[in-house]
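Have a look at the structure below, then the notes.
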Amino acid sequence: MLNDAVAPEIVPAAGSDKDAPLKEDIRLLGRLLGDVLREQEGDAVFNVVETIRQTSVRFRREADADAALELDAMLKELSREQTISVVRAFSYFSHLANIAEDQHHIRRRRAHLLAGSPAQKGSVSFALKKLRMAGVPRKTVDTFFQDALIAPVLTAHPTEVQRKSILDAEHDIARLLAERDLPQTPKERQANMQLLRSRVATLWQTRMLRYSKLTVADEIENALSYYRITFLRELPGLYDDIEEDIAAEYPNGDGTIEPINAAYVQMGSWIGGDRDGNPNVNAGTMQHALARHATTILDFYLDEVHALGAELSVSTLMVGVSAELQALADQSPDASPHRSDEPYRRALIGIYARLAATARALGATNILRKEVGAAAAYPDAAAFVADLRTIVASLESHHGAALVRPRLATLARAADIFGFHLASLDMRQTSDVHERVLADLFAKSGVAADYTALSEEDKQALLLNELAQPRLLYSPYIAYATETDSELAILRAARDIRQRYGARAIRNYIISHTETVSDLLEVLLLQKETGLLRTDWKTGGDGDSTCELMVIPLFETIPDLQRAAGIMSQVMALPLVKQLIAKQGQLQEVMLGYSDSNKDGGFLTSNWELYKAELALVSDFRKAGVKLRLFHGRGGTVGRGGGPSYEAILAQPPGTVNGQIRLTEQGEIIASKFSNAEIGRRNLELLVAATLEASLAPQEANPARNSQLAQFEAVMAELSDLAYHAYRHLVYETPGFTEYFFSATPIAEIAELNLGSRPASRKANQRIEDLRAIPWGFSWGQCRLLLPGWFGFGSAIEAWINQADGAAKDDKIATLRAMHAEWPFFATLLSNMDMVLAKTDLAIASRYAELVADQDLRERIYKRITDEHGNTLRCLELITGNTERLAGNPLLARSIQNRFAYLDPLNHLQVELIKRNRALSSASKVDERVHRGIQLSINGVAAGLRNTG
């Protein structure tokens with residue numbers, strides 16, 4: 001999203017043109033792309049690109065009707081070959097502009113730090129200073145870091161448009177661009193320019209699209225690339241920075257830095273374990289995912305241990321070592337007389353041998369450097385960490401403390417964070433599948449002939465009774481449905497994976513579409529059937545049960561969110577569940593879905609129902625004496641809960657964070673946040689800082705403030721009801737809306753893209769109810785309406801204000817302005833909507849509306865949308881007082897202004913190509929080049945917006 005997450009940190013130098021270096025970089029990359037275009041495609045194509053660009057700029061800036069006609073005529077005259085070249089040119093410009101912007105963010109942040117400016121909002125040091133000034137003691141901060149879990153969870157969804165080959169080329173361009181900020185000799189400058197030109201040429205000659213369907217294995221590899229780029233080094237480095245920040249803000253008197261011996265930030269993943277709607281995920285993909293995870297982290301450990309062996313040339317002829325270190329060296333298979341006085345090297349050679357054996361045991365097949373001799377594999381990551389700590393302790397006690405950092409300390413920290421599993425793999429499946437599997441097991445065991453026909457009360461009674469039985473339902477001598485066999489095999493694989501890679505490898509089971517208490521009990525029973533829930537039965541008494549996977553409900557639709565707290569209260573009151581929660585440290589996680597609630601009820605209602613659900617959950621969990629951890633299923637776009645993570649966490653209702661938070665990072669947002677190591681580290685710090693501040697900032701006991709908040713919430717409830725009806729009336733109750741959506745957006749073309757391993761729709765039909773929320777949002781973004789991020793707001797505000805007359809209207813407006821000024825939830829909601837509206841372009845959207853063949857339908861629905869857009873703008877301006885979009889985020893405003901004149905041509909080209917493609921389809925013809933052009937334009941628009949689904 002144009003890197004919204006890091007935008008607030010940019011601080012311009014006084015009296016300077018804050019964008020001058022950015023503009024220079026964009027001009028440079030644009031010139032290089034132009035040179036490559038001329039060289040590869042010829043002057044004629046270059047001239048066409050320039051003419052289209054200039055005409056598009058005129059169309060945008062002047063709303064010139066003649067420019068629109070000229071553009072339309074020009075695009076119609078393009079040959080298929082020219083069209084592909086033009087689309088590629090503008091698409092690559094979007095990619096290159098992204099690189100330049102990312103580099104500018106880094107440049108401005110470094111300038112801020114070099115200037116010795118105060119700690120920035122969003123940094124951990126800023127949060128610590130704020131907490132110390134509020135009277136929060138050091139002990140409270142230490143306890144927070146010991147107990148916290150902050151987990152970004154990478155997911156694969158069907159809007160990821162980047163190929164890894166493209167990401168690799170762009171990474172090189174970013175590195176070369178960064179080098180230009182350093183002092184360079186003329187020859188170095190020339191060499192840098194030549195390399196940049198070659199990388200841009202490589203980019204041009206690299207296929208942007210996948211011509212075969214992406215597999216789950218491909219998605220796993222794509223995600224692992226971000227570990228190598230960012231997480232493996234930047235996450236341990238962030239831990240070091242935070243320790244220094246704490247020591248600076250809460251000095252202990254002797255100047256030492258106390259280590260935090262806890263992995264409070266851990267990585268999670270859904271890729272290979274999320275099978276909701278994805279028939280390509282099974283037991284094999286889970287096992288493959290963990291093997292690749294383990295290979296990636298062990299490769300990193302092996303490289304670092306090898307490097308340490310070269311660095312730690314310490315000789316006992318010069319300095320002593322601890323007895324423990326000497327023992328570790330003596331266990332090494334290295335018997336070379338040349339290293340007899342170098343125990344650290346011998347110890348590291350032994351550690352390397354053990355790691356190599358571990359890597360082979362965990363699925364690695366290609367150890368690049370062969371170990372000196374055989375050694376036993378490590379039983380677990382803790383044993384590896386213990387050996388590293390032995391080296392650290394010996395160095396620190398024998399005048400070698402300076403040798404511990406950076407590599408050895410960072411490696412030990414990484415081993416604490418990543419273990420041998422790298423990231424915890426979540427399992428997810430929809431509740432309907434669990435019901436079918438158990439219906440099969442119940443029927444074939446003779447326990448219940450038709451489980452699905454039972455009432456909810458009877459289902460609960462049956463499930464609890466089965467959970468209390470020592471015997472199993474499953475028999476290896478009975479034939480079950482294919483789905484039953486597959487689901488049970490997946491759970492058995494999870495058990496084996498935990499035994500092999502450690503308990504953190506898989507520890508969560510998420511239930512999509514949780515609607516009842518029985519949905520949670522079903523997964524507990526399936527765990528029992530596969531050895532993941534075990535009970536130690538006592539003679540004459542109840543059993544003592546242990547469950548390996550935390551069962552996590554996902555509440556997604558508006559009705560589900562409204563039922564969430566009630567369902568959890570009932571579940572937590574069950575004796576068995578109470579026992580299991582106690583074994584989980586009196587902690588239970590609940591996941592909230594932003595995507596489906598938005599598609600179900602619209603932007604305003606979705607946000608409000610999520611807020612209400614969180615408050616209700618906090619209250620009920622407090623009564624039950626259980627700590628709540630919320631898992632936020634946020635997407636890239638604002639319509640799916642996207643937006644700056646820092647502000648989103650701080651806007652959470654009081655009591656909902658408490659040092660525990662997980663949130664999804666999806667699709668292209670992963671690339672936007674983590675494809676650059678420095679920006680990735682900053683985004684990780686934003687998560688920690690926001691969680692720290694939201695958890696520990698004192699809540700003022702102010703009756704007047706509580707009364708005001710109650711008033712704000714009452715107003716929000718009324719607004720939500722009005723917005724819900726406006727949104728539902730358009731999307732689900734307006735005749736012909738579905739036809740309009742499928743015609744006026746590229747949804748059909750998006751479904752054909754080789755974007756991900758998951759289908760775009762849950763069922764093979766054109767019902768919006770069955771369409772996944774991700775391509776729903778993706779489609780509205782492509783046609784530049786971004787309807788899920790604002791529709792219904794204007795109608796709600798206007799109707800609510802008009803319920804009053806005269807002075808009462810002014811009072812209502814004053815209330816809305818107070819809500820914006822004093823309520824973080826409402827302020828963040830309006831800020832995110834403001835960003836969406838800044839990216840919305842009705843002129844471009846009108847071109848897509850032309851794709852609707854039925855003129856009456858087109859005009860009727862498009863007018864509804866544009867009228868609501870106008871209402872929304874007016875109401876937003878009335879509340880905030882800002883007539884310009886993104887007045888509070890000038891960097892993002894300038895970014896949009898600079899880039900969208902170059903993005904617009906892609907939209908115009910996309911419309912023209914869709915017209916051609918649909919005309920061919922109606923004649924039962926196919927033109928692969930037209931098809932490819934559409935897909936390229938989708939990629940380019942997604943890159944330009946920097947948020948898709």
Side-chain angles (χ1 to χ4, degrees), residues 5-6 8-11 13 105-150 230-231 233-266 392 395-396 400-414 416-417 645-647 649-650 657-659 661 677-698:
V6 296
E9 75 188 25
I10 306 303
V11 179
H105 293 322
I106 294 169
R107 181 185 294 124
R108 294 308 309 158
R109 176 167 165 76
R110 286 180 175 170
H112 186 114
L113 295 172
L114 288 170
S117 302
Q120 298 168 303
K121 182 180 179 182
S123 68
V124 171
S125 59
F126 179 90
L128 288 167
K129 186 178 294 295
K130 187 174 178 180
L131 293 172
R132 182 182 57 78
M133 293 178 69
V136 176
R138 166 70 184 266
K139 184 177 180 181
T140 301
V141 172
D142 289 343
T143 300
F144 168 86
F145 283 106
Q146 290 297 330
D147 297 341
L149 176 65
I150 303 162
T230 296
F231 300 122
R233 296 190 185 279
E234 298 305 321
L235 196 47
L238 176 62
Y239 275 63
D240 292 339
D241 288 349
I242 290 171
E243 286 180 356
E244 292 175 1
D245 289 339
I246 294 172
E249 203 59 47
Y250 291 91
N252 56 16
D254 61 5
T256 59
I257 296 175
E258 296 180 19
I260 302 170
N261 297 315
Y264 52 87
V265 180
Q266 299 178 29
V392 170
L395 286 169
E396 289 180 340
L403 306 181
V404 173
R405 293 187 70 178
R407 192 184 303 275
L408 178 56
T410 299
L411 177 58
R413 178 86 75 189
D416 280 333
I417 297 168
S645 299
Y646 177 77
E647 286 80 2
I649 293 172
L650 290 182
V657 181
N658 290 329
I661 191 167
E678 195 162 343
I679 288 176
R681 185 156 170 167
R682 172 61 175 158
N683 278 302
L684 290 167
E685 183 180 14
L686 285 166
L687 292 180
V688 177
T691 306
L692 176 64
E693 193 173 333
S695 301
L696 300 187

By side-chain contact (heavy atoms from CB on, under 4.5 Å) - contacts of Ala697 (at least two apart)
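So Ala697 forms a side-chain contact (heavy atoms from CB on, under 4.5 Å) with Leu131.
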
Can you tell me which residue pairs pass the ring-ring contact (aromatic ring centres under 6.0 Å, His included) test with a partner in residues 239-265, sequence neighbours excluded?
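Listed by first then second residue: Phe145-Tyr264, Tyr239-Tyr264.
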
Smallest separation among heavy atoms of [X] and [Y], with atom names:
{"X": "Ala677", "Y": "Thr230", "result": "CA-OG1, 3.5 Å"}
{"X": "Thr691", "Y": "Gly659", "result": "CG2-CA, 4.1 Å"}
{"X": "Ala127", "Y": "Glu693", "result": "CB-OE1, 4.1 Å"}
{"X": "Ala694", "Y": "Leu650", "result": "N-CD2, 4.0 Å"}
{"X": "Ile417", "Y": "Ala263", "result": "CA-CB, 4.2 Å"}
{"X": "Leu696", "Y": "Val141", "result": "CD1-CA, 4.1 Å"}

I would like to know whether Ser645 and Leu687 meet side-chain contact (heavy atoms from CB on, under 4.5 Å); could you show each step before the answer?
CA-CA 7 Å; Ser645 299; Leu687 292 180; 3.8 Å; yes

Check the pair Arg405 / Glu244 against salt bridge (charged side-chain N to carboxylate O under 4.0 Å, His left out), numbers first and verdict last.
CA-CA 13 Å; Arg405 293 187 70 178; Glu244 292 175 1; 3.4 Å; yes

Rounded to the nearest 0.5 Å, what separation is found between the [atom1] atom of [X] and the [atom2] atom of [Y]?
{"X": "Asp240", "Y": "Arg413", "atom1": "CG", "atom2": "CZ", "value": "5.0 Å"}
{"X": "Asp241", "Y": "Leu684", "atom1": "CG", "atom2": "CG", "value": "11.5 Å"}
{"X": "Ile260", "Y": "Asp416", "atom1": "CD1", "atom2": "CG", "value": "12.0 Å"}
{"X": "Asp142", "Y": "Ile246", "atom1": "CG", "atom2": "CD1", "value": "6.5 Å"}
{"X": "Leu692", "Y": "Ile649", "atom1": "CG", "atom2": "CD1", "value": "11.0 Å"}
{"X": "Arg138", "Y": "Asn252", "atom1": "CZ", "atom2": "CG", "value": "6.5 Å"}

Among Glu685, Arg682, Arg681, whose side-chain contact (heavy atoms from CB on, under 4.5 Å) with Glu234 holds?
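It is Arg681; the other options fail the test.
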
Can you confirm whether Lys121 sits close enough to Phe126 that some side-chain heavy atom of one is under 4.5 Å from a side-chain heavy atom of the other?
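Yes - at least one pair of side-chain heavy atoms lies under 4.5 Å apart.
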
Do Pro259 and Glu243 have side-chain heavy atoms sitting under 4.5 Å apart?
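Pro259 vs Glu243: side chains touch.
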
Can you check side-chain contact (heavy atoms from CB on, under 4.5 Å) on Leu408 and Leu403, steps first, answer last?
CA-CA 8 Å; Leu408 178 56; Leu403 306 181; over 6 Å; no

According to ring pair (Phe, Tyr, Trp, His ring centres under 6.0 Å), who are the partners of Phe231, at least two apart in sequence or on a separate chain?
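If we apply the ring pair (Phe, Tyr, Trp, His ring centres under 6.0 Å) test to Phe231, skipping adjacent residues, the hits are Tyr227, Phe674.
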
Run the ring pair (Phe, Tyr, Trp, His ring centres under 6.0 Å) test against Phe144 and tell me which residues pass, sequence neighbours left out.
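Scan of Phe144 (ring pair (Phe, Tyr, Trp, His ring centres under 6.0 Å), adjacent residues dropped) gives none.
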
Residue among Arg107, Arg233, Arg110, Arg108 satisfying salt bridge (charged side-chain N to carboxylate O under 4.0 Å, His left out) with Glu678
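Filter result, single survivor: Arg110.
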
Which residues pass the salt bridge (charged side-chain N to carboxylate O under 4.0 Å, His left out) test with Asp245, sequence neighbours left out?
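With sequence neighbours excluded, Asp245 shows a salt bridge (charged side-chain N to carboxylate O under 4.0 Å, His left out) to no residue whatsoever.
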
Please name all residues satisfying side chain to side chain donor-acceptor pair (under 3.5 Å) with Asp147, sequence neighbours left out, ordered by chain then number.
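In terms of side chain to side chain donor-acceptor pair (under 3.5 Å), with neighbours along the sequence ignored, Asp147 is linked to no residue.
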
